[in-house]
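Since the structure comes first, as structure tokens, the remarks are kept for the end.
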There are 2 protein chains.
Amino acid sequence: MRSALRVFRDILREKGLKFTKQREALAKKIFSTRSHFSAQDIYESLKDKVQISRATVYRTLNLLVENHIIEEHDFGKGKKFYEFILGLESHNHLICLKCGKIEEFKSDLIEKVVDEIARDRNFRVSRYSFNVYGYCSECQEELFKNERKR
Amino acid sequence: MRSALRVFRDILREKGLKFTKQREALAKKIFSTRSHFSAQDIYESLKDKVQISRATVYRTLNLLVENHIIEEHDFGKGKKFYEFILGLESHNHLICLKCGKIEEFKSDLIEKVVDEIARDRNFRVSRYSFNVYGYCSECQEELFKNERKR
DNA sequence: CTGCGTGCAAACTGTTTGCATACGC
DNA sequence: GCGTATGCAAACAGTTTGCACGCAG
């Protein structure tokens, strides 16, 4: 399978867009990161290595989203999170309301539910998001400790 | 069953908070609205009837969310949407990417999936959101018409 | 050498907050 | 009257945009 970087490069060429130092650095960073990150995270981790601006980070992230190389998530924290998805199976998220940790999980049943509702309502699905909010096991322990202190 | 307004009033009294003209107007508006609205929608629909400010709208919406009378949703449109939930069954959303219409649907299977993953991962669930994005049947027709025109 | 990409700063959107005043309880 | 709620404007966070310059193809 072609590397993600190669895919990105091909898309750029195809559309007459340019493969710049900034796009290369950002893409490499993202393709080697197996987690959820914000625009700010990316900017922070690149700004000392390449000359890059926040504006370029936002523009490039949007470019990657439009081309389905990364996915945008809204976990209700007032900012967007992104995640590399090219060639990966889709999955869902468990978001801890205390520590902010994001775990992933898969479920074939969910796929079925989506297919079913799409058929029922004659809805053409492009994507879906299934987020479960609550407390991860570590944070539950914390909460329990604090409760005993009182 | 007590009316939603009554519930709200009781919560306020219990917490030593006040039942003001603004809170009353906002609550009545929301309790009589069976759809998804933004803070701006509420402000617009009230500003000519009561003296109310955007700040108060935001503060009151947050108060209602904290007390589980309304629910906050993030459909990735850059602003929050709210929905009256008190005493209603939870449900999921179909969001049309073209016209913005929001349809609702229920699914017992989803509940099962949530319970299962919570048990597996020892995750204490507070809430979940399941949003399906795509094109509603009307908008698919539109798209089809436009395609034939070309 | 053409025109897309970049950095910068300003603009923008939705939301929150500090403060003096108003008003429920 | 006490203390919470309000309106206003300013502050804020994240993101987008206009413009002059830079650089990939």
Side-chain angles (χ1 to χ4, degrees), chain A residues 5-6 8-29 36-67 70-82 100, chain B residues 5-6 8-29 36-67 70-82 100:
Chain A
L5 197 63
R6 182 64 175 280
F8 183 37
R9 233 176 149 147
D10 288 350
I11 290 172
L12 291 176
R13 188 174 31 234
E14 211 169 282
K15 301 195 172 176
L17 304 176
K18 293 170 182 173
F19 188 68
T20 62
K21 283 187 242 326
Q22 290 82 353
R23 285 177 179 173
E24 180 177 6
L26 197 150
K28 281 185 175 162
K29 180 75 202 171
H36 302 76
F37 47 85
S38 66
Q40 185 63 17
D41 293 338
I42 292 294
Y43 174 67
E44 297 272 312
S45 72
L46 288 180
K47 71 176 204 293
D48 296 330
K49 296 178 187 155
V50 214
Q51 133 88 320
I52 195 165
S53 67
R54 249 173 273 264
T56 295
V57 169
Y58 282 110
R59 282 190 277 232
T60 308
L61 287 173
N62 286 335
L63 183 62
L64 290 164
V65 169
E66 283 159 24
N67 289 291
I70 65 177
E71 206 170 63
E72 188 181 295
H73 296 293
D74 213 320
F75 297 133
K77 304 213 190 250
K79 63 181 164 187
K80 293 172 183 167
F81 282 85
Y82 300 88
Chain B
L5 197 62
R6 183 62 175 281
F8 184 37
R9 231 174 151 150
D10 289 350
I11 289 173
L12 291 176
R13 189 174 29 235
E14 210 169 284
K15 301 195 172 175
L17 303 176
K18 294 169 182 174
F19 188 67
T20 62
K21 284 188 244 322
Q22 289 83 353
R23 285 178 180 172
E24 180 177 6
L26 196 149
K28 280 185 175 161
K29 181 74 202 170
H36 302 77
F37 47 85
S38 65
Q40 185 63 19
D41 293 338
I42 292 294
Y43 174 67
E44 297 271 313
S45 72
L46 289 181
K47 71 176 204 292
D48 297 329
K49 296 178 188 157
V50 215
Q51 135 84 320
I52 195 166
S53 67
R54 249 174 271 265
T56 294
V57 170
Y58 282 110
R59 283 189 277 233
T60 307
L61 288 172
N62 286 335
L63 183 63
L64 290 164
V65 169
E66 283 159 24
N67 290 291
I70 65 177
E71 206 169 63
E72 188 182 297
H73 296 292
D74 214 319
F75 296 133
K77 305 214 187 250
K79 62 180 164 186
K80 293 172 182 166
F81 282 85
Y82 299 87

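Computation of the quantities below employed the complete heavy-atom set of this structure, encompassing side-chain atoms and omitting hydrogens, waters and symmetry-equivalent molecules. Lettering follows sequence order; numbering is per chain, from 1. The structure displayed is predicted, hence computed values, not measured ones.
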Rounded at 0.5 Å granularity, tell me how far CD in Glu44(B) sits from CG in Asp48(B). 8.5 Å
Search all heavy atoms of Tyr43(A) against all heavy atoms of Ile52(A) and return the closest pair with its distance. CE1-O, 3.5 Å
Name the residue closer to the 5' end of DNA chain C, choosing between Leu63(A) and Lys80(B) according to the nucleotide with the nearest heavy atom. Leu63(A)
How bent is the helix from dC1(C)-dG25(D) to dC25(C)-dG1(D), measuring the angle between the end axes built from five pairs each, rounded to 10°? 30°
Does Thr56(B) place a side-chain N or O at less than 4.0 Å from the phosphate oxygens OP1/OP2 of dG7(D)? yes
In whole angstroms, the gap separating P of dG14(D) from OH of Tyr82(A) amounts to 12 Å
Students often get this wrong, so: under 4.0 angstrom with heavy atoms, is Gln51(B) touching a base, only sugar-phosphate, or nothing? sugar-phosphate
Can you measure Phe75(A) atom CZ to dG14(D) atom P for me and round it to whole angstrom units? 16 Å
Quick one: closest heavy-atom pair of Lys79(B) and Asp74(B), and the distance? O-OD1, 4.1 Å
Counting only side-chain N and O atoms of Tyr58(A), is one of them less than 4.0 Å from OP1 or OP2 of dT15(D)? yes
Grab the CG-C1' distance between Leu61(B) and dA5(D) for me, whole Å please. 15 Å
To the nearest 0.5 angstrom, please state how far the OH atom of Tyr82(A) sits from the NE2 atom of His73(A). 11.0 Å
Here the pair of heavy atoms bringing Val50(B) nearest to Ala25(B) is CG2-CB, 3.4 Å
Calculate the interatomic distance between Asp41(A) atom CG and dA13(D) atom C1'; express it in whole Å. 15 Å
Could you check which residues of residues 9-26 of chain B get a heavy atom under 4.0 Å from DNA chain C? Sort them by number, please. Lys18(B), Phe19(B), Lys21(B)
5'-most to 3'-most nt of DNA chain C touching chain B (<4.0 Å, heavy-atom partner on protein side) reads dG14(C) to dC25(C)
Are any non-hydrogen side-chain atoms of Asn67(A) and Phe8(A) less than 4.5 angstrom apart? no
Closest approach of Leu26(B) to Leu46(B) (non-hydrogen atoms, all atoms of both residues): CA-CD1, 3.6 Å
Please report the shortest heavy-atom distance between Arg23(B) and Lys18(B), naming the atom on each side. NH1-O, 2.9 Å
Student check: side-chain heavy atoms of Lys29(A) and Phe37(A) closer than 4.5 Å: no
Nearest heavy atoms of Ala39(B) and Tyr58(B), plus distance in Å: CB-CE2, 3.4 Å
Any heavy-atom pair between the side chains of Gln22(B) and Thr60(B) that's under 4.5 Å? no
